[in-house]
Amino acid sequence: MSDFFKTKSQFYLPKGIIYLDGNSLGPLPKKTQDRIQHTINNEWGEMLVTGWNKARWMDQPNEVGDRIAKLIGATSKTVTVGDTLSIKVFQALASATNYQKNRKVLLTDSSNFPSDIYAAQGLVNMLQDDHQVKIVSTDDLIDNINENVAAVFFTEVDYKTGRRYDAKKIIKAAKQNGSLVILDLAHSAGAIDTNLTELEVDLAVGCTYKYLNGGPGSPAFIYVNPNLINSLDPCLSGWLGHENPFDFSLKYHPASGIDRMRVGTPPVIAIAALEASLDIWETVNINDVRKTSIQLTDQFIKGVEQKCPMLQLITPRLPENRGSQVSFSFEHGYAAMQACIELGVIGDFRAPDVMRFGFTPLFIDSQDVERAIETLAEIMSKDLWNDPKFQKRNKVT
Ligand SMILES: *Cc1c(COP(=O)(O)O)cnc(C)c1O
């Protein structure tokens, strides 16, 4: 059984703050600082360039990939870490498009995260033939899968509403039509019990700075189904995806296996921070995380609906249809979230009117949820959001 009392003690959380934004940027594990110091002083400082071998920096992207694999139901040697999520989305889309020579449609839904859609649009513009990105409503995804669709790409948990898609059903429809599926796990990894092996998904990508707590800008990961990997062109063909990088050959030959999805030099210091966070993940079971997250989100939904009738729940009420965040729409949502933050409950806001709250059993317990409900109730009952100081928009909302 996972000990969430213990995991909570392993995070640094500023005094008096209830942090409900781990779905955007996870908090700092207490051990991260020492781990980074070690990498800087003992490895970079002392070993200099020999650290690539002595400290095994070159192996880290795959080793960390294996640790993430356990959290997303993937087998070892199917995940590697590097670059940013937007880049990995582009790579996955390019590889899938290239694999499906005669298919011209990249299909997604209008609730997908803009960066994922932009990456597809950029790819299609670059190809300059009759490829196209087709955007339909989430509920129309399945009906639009046909023999022209090269790949369907979607984010398993909607970043705005917290809705969890029926990945199984979408993947089944894609398989029947010979379309590949690219699953974005940005709001799944470390939040829900996604099982990539069971889903038989083709490609998946995700980031590590949200629920995995790797720190701002920590590297992304990519998964490729082991049955597909050796027939897939990585497209972003960098030297570290080459079968023999240190031959410095002028012709690109992809490495076999997940190695070919690597591109360039790994961010060693950022990976060190991620390793410190994954140490905490080693001590818990993702099924316990999911179970507890459902309890916390249920508690929050019930409490807020009871005490704040002016907030409209836009997250599915059925636990199996949502991820680990709860969103409410409210006309003055931006100002209300600013008031919330001033009172020590940190969530965030997504245009036009969505207040988002993320729940992470690793460092949020039911007492925190209770306090968050009380805080929100106070803001709403006293119209605290109606203060001019809360109306000014920041760059990051
Ligand atoms: C957070 C998020 C991103 C962000 O991509 P970065 O390259 O890390 O900035 C992309 N896609 C989805 C679905 C996300 O939730």
Side-chain angles (χ1 to χ4, degrees), residues 20-27 61 64-65 68 71-72 79-94 96 106-123 133 135 138 141 151-165 167 170 181-192 194 196 201 203-223 236 261-264 266-267 270-271 273-274 277 314-315 322-327 347-351 354 356-360 395-397:
L20 303 183
D21 212 3
N23 50 312
S24 184
L25 174 68
V64 170
I68 293 171
L71 298 171
I72 54 178
V79 177
T80 193
V81 162
D83 314 303
T84 69
L85 179 50
S86 301
I87 291 171
K88 278 340 211 186
V89 169
F90 184 87
Q91 185 181 29
L93 286 164
L106 292 171
L107 179 67
T108 192
D109 67 304
S110 51
S111 298
N112 202 353
F113 191 81
S115 201
D116 296 37
I117 296 176
Y118 301 159
Q121 288 167 342
L123 174 66
V133 181
I135 306 173
T138 305
L141 262 181
V152 190
F153 65 107
F154 63 98
T155 302
E156 189 186 18
V157 176
D158 187 317
Y159 76 101
K160 207 181 270 186
T161 64
R163 170 181 176 175
R164 181 182 191 172
Y165 293 23
I170 300 170
V181 173
I182 303 166
L183 195 56
D184 193 323
L185 302 177
H187 296 271
S188 304
I192 61 175
T194 303
L196 294 183
V201 73
L203 293 109
V205 291
C207 56
T208 61
Y209 51 80
K210 291 173 180 163
Y211 291 94
L212 295 181
N213 314 310
S218 63
F221 64 85
I222 187 164
Y223 160 91
L236 282 177
M261 302 311 275
R262 292 178 63 163
V263 181
I271 290 180
L274 179 55
S277 154
I314 60 165
T315 301
R322 64 173 188 258
S324 204
Q325 77 177 59
V326 176
S327 305
D348 64 17
F349 173 81
R350 287 294 174 262
V354 176
R356 294 196 308 178
F357 302 90
F359 295 85
T360 311
K395 198 167 186 175
V396 175
T397 62

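In this chain, residues are counted from 1 in sequence order. Order of listing sets the numbers, starting from 1, for every ligand and every atom in it.
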Review point. Within a strict 4.5 Å, meaning less than it, do heavy atoms of the Ile314 and Arg356 side chains meet?
Key: no
Review point. Hey, which atoms in ligand 1 end up nearer than 4.0 Å to a heavy atom of Tyr209?
Key: 1 (C), 4 (C), 5 (O), 6 (P), 8 (O), 9 (O)
Check your understanding: Backbone N or O of Phe359 within a donor-acceptor pair of the Ser324 side chain at under 3.5 Å?
Key -> yes
**Study point:** For His187, atoms of ligand 1 separated by under 4.0 Å from a heavy atom
**Key:** 15 (O)
Revision key, fill the gap. Sorted by chain and number, sequence neighbours left out, side-chain hydrogen bond (donor to acceptor under 3.5 Å, both in side chains) with Ser277 holds for none
Review point. Which of the numbered atoms in ligand 1 are below 4.0 angstrom from a heavy atom of Asp116?
Key: 10 (C), 11 (N), 12 (C), 13 (C)
Point to revise | Close N or O approach (Ser86, ligand 1; < 3.5 Å) | key: yes
Practice item. Could you tell me which atoms of ligand 1, counted from 1 in the order shown, lie closer than 4.0 angstrom to a heavy atom of Thr155? Key: 13 (C)
Point to revise | Interfacing atoms of ligand 1 (cut-off 4.0 Å, heavy-atom, Asp184) | key: 11 (N), 12 (C), 13 (C)
Check your understanding: Between Glu156 and His187, is there a donor-acceptor pair closer than 3.5 Å when you use the side chain of the first and the backbone of the second?
Key -> no
Which donor-acceptor pairs under 3.5 Å do the side chains of residues 112-122 make with protein atoms, sequence neighbours left out?
{"unit_1": "Asn112", "atom_1": "OD1", "unit_2": "Thr155", "atom_2": "OG1", "d": "2.5"}
{"unit_1": "Asn112", "atom_1": "ND2", "unit_2": "Thr108", "atom_2": "OG1", "d": "3.0"}
{"unit_1": "Ser115", "atom_1": "OG", "unit_2": "Ser86", "atom_2": "OG", "d": "2.7"}

Exercise for review: For ligand 1, note which part of Ala186 has a heavy atom under 4.0 Å away: side chain, backbone, both or neither.
Suggested key: side chain
Check your understanding: Does the pair Thr315 and Thr161 meet the rule for a side chain to side chain donor-acceptor pair (under 3.5 Å), with working shown?
Key -> CA-CA 5 Å; Thr315 301; Thr161 64; over 6 Å; no
Check your understanding: Hey, which atoms in ligand 1 end up nearer than 4.0 Å to a heavy atom of Thr84?
Key -> 7 (O)
Point to revise | Identity and distance of the protein heavy atom lying nearest atom 15 (O) of ligand 1 | key: Lys210 NZ, 2.5 Å
Check your understanding: Does the side chain of Gln325 reach to within under 4.5 Å of the side chain of Phe357, using non-hydrogen atoms?
Key -> no
